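From a predicted model like this one, the values you see are computed outputs, not experimental measurements. Positions are given from 1, in the same order as the sequence printed here.
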Amino acid sequence: MKKVLITGGAGFIGSHVVRLFVNSYPKYQIFNLDALTYAGNLENIADVESKSNYTFIKGDIVDADFINQLFEQHQFDGVIHLAAESHVDRSITDPLAFVKTNVIGTMNLLNAAKTIWNNSFDGKRFYHISTDEVYGSLGATGLFTETTSYDPNSPYSASKASSDHFVRAYGETYGLPYVITNCSNNYGPFHFPEKLIPLFINNIIQNKSLPVYGDGKYTRDWLFVEDHAKAIDLVFHTGKNHETYNIGGFNEWQNIDLVKLLCQLMDQKLGRAVGESEKLITYVKDRPGHDLRYAIDASKINSELGWKPSVTFEQGLEKTIDWYLSNEEWLKNVTSGAYQNYYQKQYE
């Protein structure tokens, strides 16, 4: 039986990965480690908590002693490392929190894996999930590839770039078997409403303003979170050691065009007059160090591992909207902070 540690498994992407692994691999023992900070929510994975091959552990990857004890106790065969501070705006106001979690936390996991595996790396794997933001900003043309030079422009992307470098260094120096993936912007169910799509869905429901940075012409590549989880499954099992794979949705959208599409779909779903939600759009002062464009070249994972997105952006966005409209209680809980009571009821 494989023992797999998934860090950040109560978060947005992590919860989808935990669910996929618990349901797809009944002979694996899946351990979900999460500190349950503001974006970690056990309600995200309530549907698997009673499964016999699933264990939740509350803890912080910044605590080195705790991580060492955890590896010693459970003797994990694999690590899928998703735990991270990930919101650029928060990194601007509190950069040290991002250094602690994204850099020091990753180092603690690397050290524990190296010590416990003790150079006996057969059947072991350290999988580090990163972001396209480490590559910096693209001009009007071109795509990020796995060999694009790193050029981070925010404290968040700098912290993720640093953790990527440490993972590679442990591979080169100690022979640690690793894989890294850099993904584009994710969207989908269970996304904490601080990021653009869930924030604007929530604001449209409540008839609040939709704050668009600058002129709204910043361009991002969007990846449906369930497609990302499937890619993670594929890379974990079939990716080559010491390789990097870029995961993108082949869906480039300027922010303002995305917001207008979202408004149109929300008007249809809510029975509002056409153009009603667009009136909520408000242009606000740009944030510092705002990258103009991200775009992923995902041809390597497509050609080598056979992965490609299963939905178009329009299909994925409609699925996402439908989920939020069907789960308004979840949305109310996370925006009020009431979801934090779930852990106390279930585990304390």
Side-chain angles (χ1 to χ4, degrees), residues 7-17 34-41 44 60-62 81-106 128-137 152-164 181-203 208-214 216 218-225 228 249 253 255 258-259 262 284-294 320 324 330-331 333-337 339-340:
T7 70
F12 169 45
I13 300 172
S15 62
H16 287 275
V17 175
D34 201 291
L36 296 182
T37 55
Y38 74 96
N41 181 0
N44 294 354
D60 195 336
I61 60 173
V62 175
H81 177 33
L82 290 129
E85 295 283 352
S86 65
H87 191 38
V88 174
D89 290 356
R90 287 179 183 265
S91 80
I92 293 169
T93 58
D94 187 10
L96 278 178
F98 285 68
V99 173
K100 289 174 183 176
T101 298
N102 298 354
V103 183
I104 303 301
T106 301
H128 179 63
I129 283 83
S130 189
T131 172
D132 59 357
E133 297 192 35
V134 298
Y135 298 124
S137 183
N153 291 315
S154 71
Y156 161 61
S157 57
S159 68
K160 290 298 290 183
S162 177
S163 64
D164 291 6
T181 52
N182 298 81
C183 70
S184 55
N185 282 26
N186 280 221
Y187 69 99
F190 298 109
H191 204 177
F192 192 83
E194 67 179 356
K195 302 294 180 73
L196 191 153
I197 289 176
L199 173 66
F200 282 21
I201 289 173
N202 190 39
N203 283 12
K208 292 182 177 180
S209 66
L210 307 178
V212 176
Y213 281 128
Y218 293 95
T219 302
R220 299 293 182 262
D221 174 38
W222 292 91
L223 174 64
F224 189 51
V225 67
H228 188 195
W253 283 77
N255 285 350
L258 185 159
V259 173
L262 182 59
V284 298
K285 182 182 177 181
D286 213 348
R287 73 183 180 205
H290 202 162
D291 293 331
L292 177 64
R293 174 175 170 258
Y294 304 143
T320 302
Y324 279 97
W330 180 93
L331 196 52
N333 284 346
V334 298
T335 51
S336 69
Y339 72 94
Q340 293 171 341

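Smallest separation of non-hydrogen atoms from Pro198 and Phe192: CG-O, 3.5 Å. The two residues Pro193 and Leu331 come nearest to each other via the heavy atoms CG-CD1, 4.1 Å. Scanning both residues, Thr37 and Asp34, for their nearest heavy atoms gives N-OD1, 4.4 Å. The two residues Gly136 and Asn153 come nearest to each other via the heavy atoms CA-ND2, 3.9 Å. Summarising the geometry of Asn186 relative to Ser184, their closest heavy-atom pair is ND2-O, 2.9 Å, with the distance given to 0.1 Å. Considering all non-hydrogen atoms of both residues, Val134 and Ala161 come closest at CG1-N, 3.5 Å.
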- Message: Thr219 vs Trp253, test: side chain to side chain contact (heavy atoms under 4.5 Å, CB included). Steps then yes/no.
- Response: CA-CA 5 Å; Thr219 302; Trp253 283 77; over 6 Å; no
- Audit row: His128, Ser163, side-chain hydrogen bond (donor to acceptor under 3.5 Å, both in side chains) steps and yes/no: CA-CA 9 Å; His128 179 63; Ser163 64; 3.2 Å; yes
- Task: Quick one: do Tyr294 and Glu133 satisfy side-chain hydrogen bond (donor to acceptor under 3.5 Å, both in side chains)? Show the steps, please.
- Result: CA-CA 7 Å; Tyr294 304 143; Glu133 297 192 35; 3.3 Å; yes
- Val212/Phe200 under side chain to side chain contact (heavy atoms under 4.5 Å, CB included): CA gap, chis, key distance, verdict: CA-CA 10 Å; Val212 176; Phe200 282 21; 4.1 Å; yes
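Without hydrogens or angle criteria, Asn44 side chain to Ala10 main chain gives a donor-acceptor distance under 3.5 Å. The main-chain N or O of Gly249 is found under 3.5 Å from a side-chain atom of Asp221 such that the two form a donor-acceptor pair. Without hydrogens or angle criteria, Lys160 side chain to Glu85 main chain gives no donor-acceptor distance under 3.5 Å. Checking side-chain atoms of Ser162 against main-chain N and O of Ser159 turns up no donor-acceptor pair under 3.5 Å. Here the side chain of Ser91 pairs a donor or acceptor atom with the backbone of Tyr156 at under 3.5 angstrom. Here the side chain of Asn203 pairs a donor or acceptor atom with the backbone of Ser209 at under 3.5 angstrom. Proximity of a side-chain donor or acceptor of Thr101 to a complementary backbone N or O of Phe98 within less than 3.5 Å is not detected.
Summarising the geometry, atom CG belonging to Leu262 is positioned 11.5 Å from atom CG belonging to Asn255; distances are rounded to the nearest 0.5 Å. Taking NE2 of His16 as the start and CG of Leu82 as the end, the distance is 11.5 Å to the nearest 0.5 Å. The CD1 atom of Ile61 lies 5.5 Å from the OG1 atom of Thr106; values are rounded to the nearest 0.5 Å. Atom CD1 of Ile13 is separated from atom OG of Ser86 by 7.5 Å, given to the nearest 0.5 angstrom. Atom CD of Glu194 is separated from atom OG1 of Thr335 by 12.5 Å, given to the nearest 0.5 angstrom. Atoms CG and CG, on Leu196 and Asn185 in that order, are 8.5 Å from each other to the nearest 0.5 Å.
Counting heavy-atom neighbours within 6.0 Å of Lys100 NZ, excluding the residue itself, gives a total of 12 or less.
By the 4.5 Å heavy-atom criterion applied to side chains, Val225 and His191 are not counted as neighbours. For the pair Ser137 and His290, the minimum side-chain heavy-atom distance is 4.5 Å or more. With a 4.5 Å cut-off on side-chain heavy atoms, Asp291 and Tyr135 do not count as touching. Contact annotation: the side chain of Asn41 approaches that of Val334 to within less than 4.5 Å [non-hydrogen atoms, C-beta and beyond]. Within the 4.5 Å cutoff, the side chain of Asp164 has heavy atoms near those of the Asn182 side chain.
Evaluation of the side-chain contact (heavy atoms from CB on, under 4.5 Å) rule for Ile197 yields Tyr187, Ile201, Trp222, Leu258, Phe313, Leu317, Thr320 as partners, not counting sequence neighbours.
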